[in-house]
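Computed from a predicted structure; not experimentally measured.
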Amino acid sequence: MKQDLTPLKRCAWARTPLGIAYHDGEWGVPAHDDRVLFEFLILEGAQAGLSWETILAKRENYRQAFARFDPGKVARFSASQKNRLMKDEGIVRNRLKIESAVTNARAFLAVQEEFGSFDAYVWRFVGGKPKINGGREVPAKTPASDALSKDLLARGFKFVGSTICYAFMQAVGMVDDHAPDCFRKVQRRP
């Protein structure tokens with residue numbers, strides 16, 4: 001049998017080994033585990049103003065620093081724990097972003113209580129299934145990310161503007177923004 005040596009076509013942003021691994025294995029894959037959803041909510045907020053590659057490089061440090069993204073534990077972080085995080089070179093040392101992670105953990109738990117899971121809550125914004133973007137242009141935000149942002153803000157979440165919400169939606173597979181010729185595009189998957 002002849003082996004296909006044609007390189008895979010990927011989205012243009014996936015250029016580094018870290019970015020390629022993330023693109024090929026995670027980005028745009030529908031996530032329904034609340035801990036994974038919480039992880040991406042925190043990481044997308046941390047990314048604000050920075051490159052996603054920076055956050056990916058610090059991801060394992062974030063997992064360690066934020067109790068493997070257990071929202072119940074993060075919600076109980078004390079002032080001394082938050083001060084310790086400000087000294088942790090393995091994460092983005094921004095007080096507002098650290099405070100928002102704790103605030104968001106508390107709001108996340110409230111959403112879980114109200115809806116049974118964060119998954120049940122968040123996927124309502126796309127009708128329960130991924131929205132597929134068929135064009136080459138990837139928007140920075142959409143009416144769905146605007147609605148999610150507005151609702152999260154009303155529930156007390158921080159660092160959840162529409163652009164951050166749209167990046168979150170892409171990351172957890174609520175929208176499929178893979179390029180039309182990317183091997184990961186939903187229509188191309190077996």
To the nearest 0.5 angstrom, please state how far the [atom1] atom of [X] sits from the [atom2] atom of [Y].
X    : Y    : atom1 : atom2 : answer
F69  : D33  : CZ    : CG    : 13.0 Å
D176 : K185 : CG    : NZ    : 4.0 Å
T163 : D146 : OG1   : CG    : 8.5 Å
E39  : E44  : CD    : CD    : 10.5 Å
Q112 : L37  : CD    : CG    : 9.5 Å
D24  : F183 : CG    : CZ    : 3.5 Å

Ignoring hydrogens, what is the shortest heavy-atom contact between [X] and [Y]? Give both atom names and the distance.
X    : Y    : answer
W123 : P30  : CH2-CB, 3.9 Å
E53  : L18  : OE2-CB, 3.4 Å
L152 : C165 : CD1-SG, 3.7 Å
Y166 : A140 : CB-O, 3.4 Å
T16  : G19  : OG1-N, 3.0 Å
A101 : F66  : CB-CE2, 3.5 Å

Does a sphere of radius 6.0 Å around [atom1] in [X] hold more than 12 heavy atoms from other residues, nucleotides or ligands, not counting ones at 6.0 Å or beyond?
X   : atom1 : value
R15 : CZ    : no
E60 : CD    : yes
K73 : NZ    : no

Quick one, [X] and [Y] - any side-chain contact, counting heavy atoms below 4.5 Å?
X    : Y    : value
D151 : L148 : no
V175 : P130 : no
R184 : V29  : yes
R95  : M86  : yes
Y62  : R68  : no
H178 : C11  : yes
F168 : V160 : no
L41  : V172 : no

Please answer whether the main-chain N or O of [Y] pairs with a side-chain N or O of [X] as donor and acceptor at a distance below 3.5 Å.
X    : Y    : value
S149 : S145 : no
Q64  : N61  : no
K97  : A48  : yes
N133 : D177 : no
N83  : A79  : yes
K87  : R93  : no
W13  : H23  : no
R106 : A75  : yes

- Is any NZ, NE, NH1 or NH2 atom of the basic residue among E99 and K158 found under 4.0 Å from an Asp or Glu carboxylate oxygen of the other? no
- Message: Looking at R59 and E26, is any side-chain nitrogen of the basic one under 4.0 Å from a carboxylate oxygen of the acidic one?
- Response: yes
Hey, quick one: are [X] and [Y] part of the same hydrophobic cluster, counting side-chain heavy atoms closer than 4.5 Å, chains of contacts allowed?
X    : Y    : answer
I164 : V102 : no
V122 : V36  : yes
V74  : I91  : yes
L153 : F40  : yes

- Message: Pair F159, L96 - check side chain to side chain contact (heavy atoms under 4.5 Å, CB included), show working.
- Response: CA-CA 9 Å; F159 280 91; L96 292 176; 3.9 Å; yes
Please determine, by modelled atom types, if [X] and [Y] share a side-chain donor-acceptor pair under 3.5 angstrom.
X    : Y    : answer
T103 : S100 : no
Q47  : T54  : no
N104 : R155 : no

- Task: Report the C-alpha distance between F38 and F108 in whole Å, list the side-chain angles of each, state the deciding distance to 0.1 Å, and finish with yes or no for ring-ring contact (aromatic ring centres under 6.0 Å, His included).
- Result: CA-CA 8 Å; F38 181 64; F108 190 93; 5.0 Å; yes
- Query: Of L85, I55, L43, which meets side chain to side chain contact (heavy atoms under 4.5 Å, CB included) against V92?
  - Reply: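 Of L85, I55, L43, side chain to side chain contact (heavy atoms under 4.5 Å, CB included) with V92 is met by I55 alone.
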- Task: Under the ring-ring contact (aromatic ring centres under 6.0 Å, His included) rule, what do W52 and W27 come out as? Steps first, then yes or no, please.
- Result: CA-CA 12 Å; W52 184 243; W27 192 68; 9.9 Å; no
